[in-house]
There are 2 protein chains.
Amino acid sequence: MTVIFSKKCELALQAVLYLSVNKDKNFFSASGISEQIKMPKEFIAKILQSLVSHGIVVSKKGKTGGFNINKPLNEIRLIDIVAAVDGLEIFHKCVLGFEGCNVEQPCPLHNKWGKLRDMTYNMLSEETLLDILDKTEEKIKSINPANI
Amino acid sequence: MTVIFSKKCELALQAVLYLSVNKDKNFFSASGISEQIKMPKEFIAKILQSLVSHGIVVSKKGKTGGFNINKPLNEIRLIDIVAAVDGLEIFHKCVLGFEGCNVEQPCPLHNKWGKLRDMTYNMLSEETLLDILDKTEEKIKSINPANI
DNA sequence: TAAAAATCAGATATTTATGTCTGATAAAAC
DNA sequence: GTTTTATCAGACATAAATATCTGATTTTTA
Ligand code: SF4
Ligand code: SF4
């Protein structure tokens, strides 16, 4: 069954990673971010607004306003962003959707899929934004050296 | 990025697994299958028709018509069904979609996601319908003992 | 205090995925 | 040969995901 994550979530991750390398600078406007990650600014704004309501991002209105990360980088895991945008339902759902499943008579995919699904979950939970900051910086810099 | 497989594909897998345990019996009509796997028969029909065009399923018109598996069970892998319905694009795509990626400067997820993606692909490629037939029979029987 | 530049909330629009219908054709049973 | 029952092809309908717009509010700058 279905998704690792949606496009919305992909965007959210990109935006947050982008913000994470600039956390100590000023707030970044939706349009500024949208130039960097090449996505419609209205959509970015919308997504970031929802991350604000989840406490991951903080926003500031007005002329010098924009968005920034709301917590220390070591307190935000990738899975937190996925959870905020897509929810965690996927990580509890089965692959095939046959009815009447029970542990004694799983379908051929139950165990194997379950393992992969858990590994994916763990991968996203393992590291905080701080842990991957170096790699993220490299990446963001390679997109536009002016970013850092 | 995105999907392991779509609902269409989930349904296709269910339908093919159902057919696989009854391969040596007569053709099964879309409505018969839809009763078992609880999905609209028109949708089932549509999906099976596309599997017909991919050579995985064979159909027969007319009064005793319906669908059946077209090849020996050891020649059909789960990935073949996924490929027919959803395509394999997902297994070649990146997670985050940042631009300008190269092997030297991958983003934090590139390697880890790549591994999981490959494992998923391998899992679906590993076994043929024949290999999992026993487990499939158990599962189908548990849904409705009359099925086998 | 007025102008500029940003978020915010919610409505609206577009696109894609999912699901349904209709009429034509084919095969079996009578 | 006629009736029944199935697939088939393609149009159509609905739902969900993605994307855009609009007007209000907030804050800074001048
Ligand atoms: S056995 Fe597991 S994977 Fe298979 S249909 Fe049931 S819950 Fe889903
Ligand atoms: S480094 Fe890899 S995972 Fe990251 S954005 Fe590029 S291709 Fe995708």
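Proteins come first, then strands; the chains are lettered A, B, ... in the order of their sequence lines, and each starts at number 1.
Counting only heavy atoms from C-beta outward, the side chains of B/L124 and B/F91 approach each other to under 4.5 Å.
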Would you tabulate the pairs of protein nitrogen or oxygen atoms and nucleotide nitrogen or oxygen atoms of nucleotides 23-25 of chain C closer than 3.5 angstrom?
none

List every contact pair, protein side and nucleotides 17-22 of chain C side both N or O, where the distance is under 3.5 Å.
from	atom 1	to	atom 2	distance (Å)
C/dT18	OP1	B/K7	N	3.4

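One interatomic measurement links the two molecules: CZ of B/F27 to C1' of C/dA27, which rounds to 12 Å at whole-angstrom precision. One atom, CD of A/E89, and another, P of D/dA16, lie 13 Å apart when rounded to the nearest Å. Straight-line distance from the CG atom of B/L51 to the P atom of D/dC8: 11 Å, rounded to whole Å. Here C/dA6 presents its P atom at 12 Å from CD1 of A/I33, a figure rounded to the nearest Å.
B/F67 comes within 4.0 angstrom of the backbone, heavy atoms only, and of no base. Residue contacts for B/A30: at a heavy-atom cut-off of 4.0 Å it reaches the sugar-phosphate backbone alone, with no base atom in range.
Clustering ILVMFWY residues whenever any of their side-chain heavy atoms sit less than 4.5 angstrom apart, transitively, puts B/Y121 in the very cluster that holds B/L109.
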Check your understanding: Given A/L48 and A/L51, is the side chain to side chain contact (heavy atoms under 4.5 Å, CB included) satisfied, shown in steps?
Key -> CA-CA 5 Å; A/L48 287 178; A/L51 290 181; 4.1 Å; yes
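A donor-acceptor contact closer than 3.5 angstrom links the side chains of B/T128 and B/D131.
Across all their heavy atoms, B/K60 and B/T64 have their closest contact at NZ-OG1, 3.2 Å. Counting all heavy atoms, side chain and backbone alike, A/I76 lies closest to A/I69 at CD1-CG2, 3.5 Å.
Side chain of B/K63, nearest nucleotide from C/dA27, D/dT29, D/dC8: C/dA27. For A/Q49, whose side chain is taken as the heavy atoms from C-beta onward, the closest listed nucleotide among D/dT7, C/dA9, C/dA28 is C/dA9.
Heavy-atom contacts from other residues, nucleotides or ligands closer than 6.0 Å to CE of B/M123 number more than 12. No more than 12 heavy atoms of other residues, nucleotides or ligands shown are found within 6.0 angstrom of CD on A/E89. A/E35 CD: 12 or fewer foreign heavy atoms inside a 6.0 Å radius.
Contacts with DNA chain C (heavy atom under 4.0 Å) in residues 53-60 of chain A: A/S59, A/K60, listed by number.
Formation of a donor-acceptor pair under 3.5 Å by the A/D118 side chain with backbone atoms of A/K115 is not found in this model.
Using a 4.0 Å cut-off between a side-chain N of Lys or Arg and a carboxylate O of Asp or Glu, A/E127 and B/K112 qualify as a salt bridge.
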